[in-house]
Each structure stands twice: as C-alpha cells, then as structure tokens.
Amino acid sequence: MEVPPQSPFDFRFMLNSDGSYSVNIMRRFIDAKINPQHGSPIFWDKMVPLKVRCFIWRASLSRIPVAMTLAERGVLIPNQLCQLCYNEPKSVDHLFVKCEFAKGTREWIFKWCGINTQDFSHIKEVIDFAASWGNCPKKRILFNSIVYCLLWNIWKARNDKVFKELKSSHTKVADNVISISYLWCKHRSKFGCGN
C-alpha cells in the first residue's frame, strides 16, 4: 500500500502509535496532566456500583465530609471526635484505617478472604494494597470489590451512628460486607460467584 504524500494540512496525533486520534487516549493524557495519580489507580470495574466507586475516589483524595475536612472549610462541628470509637478527631484516615471499629471490621474481612491482617496508616495504602494484591487478575478484582464494599459499609455505619443514633458492631458490618459483596459478584460481575 502506497502512503499518500503529506500535505501542509495533515495532522498526526503523536500520543497514539498509529498516528490516529483517540478520545480515550486524549482523556488519559489530560487526566494525567491535571490530576497526576500517585500509587495505584482507582478501580473502576462495573461490579462495584458507581456511587461506591465515586465515594472511594473522593475518600482517596480526602474529600468526604468528616469533621476535620469540614473544619478546614470553615464549618463548625461541636464534637470532632470519631463517633465510632471516641478516641481521635474524625479524619478520613482515622475513620477508615486507624479507628478501632474499622480495624476490627477489616480484620474480620481479611480473615474471611484468607489474607493476613495488614497495618495501614492511610486510606490510600488500603486502596493500593487491594489494587496490587495477588497474582490472579480475577481474584484481585474480587478482592478490590470486597475492600471497596468494606470502606463503603464503614461509612454507612458511621452515618447511621451520627444521623440515626444506631450503633453497629464490627461483626455486623463485616456480615453486611460479605452479603453485599456476594450480591455484587453474583449479579454485577462478568465472572459470577456460583449459586
């Protein structure tokens, strides 16, 4: 096949190897320049509902409404202590990683998955651990979904305590994570989870 001569109006897209323009590649290029990603990227598989994926993305950026982030924005919060453990002020890292309630729930879920309990200090470490865990891509996707479900259910337990004054145990939250992640896997996954 003969290559046509180049005209002065010819356009070559340098980001794609074949020189053709692709919206997907351009979007990735713009996103990398505007929001450089540190660590593993956020897992956007459709097994996890969109509102949960968006919540995890916002939590990884520390952009969810907890006492410390609200105080930074000038919102006065009378009690800034974590309502799940009453030990430290509520920050994103405390709520999902350092809180005794979150640790207990995470231990149950990791034990259920057959994974040794890990010590984390930031939510990003939990997300990165799930994104890079194991060698099997299918198991990694399932584990990622379980970890996202875990973080989502810790957030829901916190909201139930703050807004409805309902107290949950970490074993009850772990049971919710197991049942909800199973439903996601069974009805939303391309792999399926058996009967």
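From a predicted model like this one, the values you see are computed outputs, not experimental measurements.
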message: I need the full list of side-chain hydrogen bond (donor to acceptor under 3.5 Å, both in side chains) pairs touching residues 160-170, with sequence neighbours left out, sorted by first then second residue.
response: Ser169-Thr171
- prompt: Apart from Phe163 itself, which Ile, Leu, Val, Met, Phe, Trp or Tyr residues share its cluster (side-chain heavy atoms under 4.5 Å, direct or through members)?
  reply: Val162
- request: Using side chain to side chain contact (heavy atoms under 4.5 Å, CB included) as the criterion, list what pairs up with Ile115, not counting sequence neighbours.
  value: Phe110, Cys113, Phe129, Trp133, Phe143
field: With sequence neighbours excluded, residues passing salt bridge (Lys or Arg N to Asp or Glu O under 4.0 Å) with Glu100
entry: Lys103
message: Do Leu95 and Trp155 make a side-chain contact, defined as non-hydrogen atoms from C-beta onward lying under 4.5 Å apart?
response: yes
field: Sidechain-backbone polar pair: Arg53 side chain, Val48 backbone, donor-acceptor under 3.5 Å
entry: yes
query: Which atom pair, heavy atoms only, marks the closest approach of Lys124 to Ser60?
result: CD-CB, 4.2 Å
Results of side-chain hydrogen bond (donor to acceptor under 3.5 Å, both in side chains) for Asp93 - residues two or more places apart only: His122
statement: Hits for salt bridge (Lys or Arg N to Asp or Glu O under 4.0 Å) against Lys98, two or more places apart or cross-chain, chain-then-number order -> none
Spatial distance of atom OG (Ser132) from atom CZ (Arg140) [nearest 0.5 Å]: 7.5 Å
field: Which atom of Leu151 lies closest to which atom of Phe96, heavy atoms considered
entry: O-CE2, 3.2 Å
Heavy-atom check, side chain of Val147 versus side chain of Ile127, under 4.5 Å: no
- request: Heavy atoms only: give me the nearest Glu107-Thr117 pair and the separation to one decimal.
  value: CG-CG2, 3.6 Å
message: In the structure I gave you, are the side-chain heavy atoms of Leu142 and Cys185 within less than 4.5 Å of one another anywhere?
response: yes
task: Grab the two heavy atoms, one from Trp112 and one from Ser181, that are nearest each other, plus how far apart they are.
output: CH2-OG, 4.0 Å
query: So which heavy atom on Ala131 is nearest to which on Asn144, and how close?
result: CA-ND2, 3.4 Å
task: Would you kindly confirm whether Trp108 and Phe101 end up in one hydrophobic cluster when ILVMFWY residues are joined by side chain heavy atoms under 4.5 Å apart?
output: no
query: In chain order, what residues pass the side chain to side chain contact (heavy atoms under 4.5 Å, CB included) check against Lys156, with sequence neighbours excluded?
result: Trp152, Asn153
task: Have a look at Ile123 and tell me which of Leu61, Ile64, Val92 forms a side-chain contact (heavy atoms from CB on, under 4.5 Å) with it.
output: Val92
- prompt: Partners of Glu125 by side-chain hydrogen bond (donor to acceptor under 3.5 Å, both in side chains), sequence neighbours excluded?
  reply: Ser121
Heavy-atom donor-acceptor pair, Arg58 side chain to Arg63 backbone, under 3.5 Å: yes
- line: Between Ile109 and Ala174, the two heavy atoms sitting closest are CD1-O, 3.6 Å
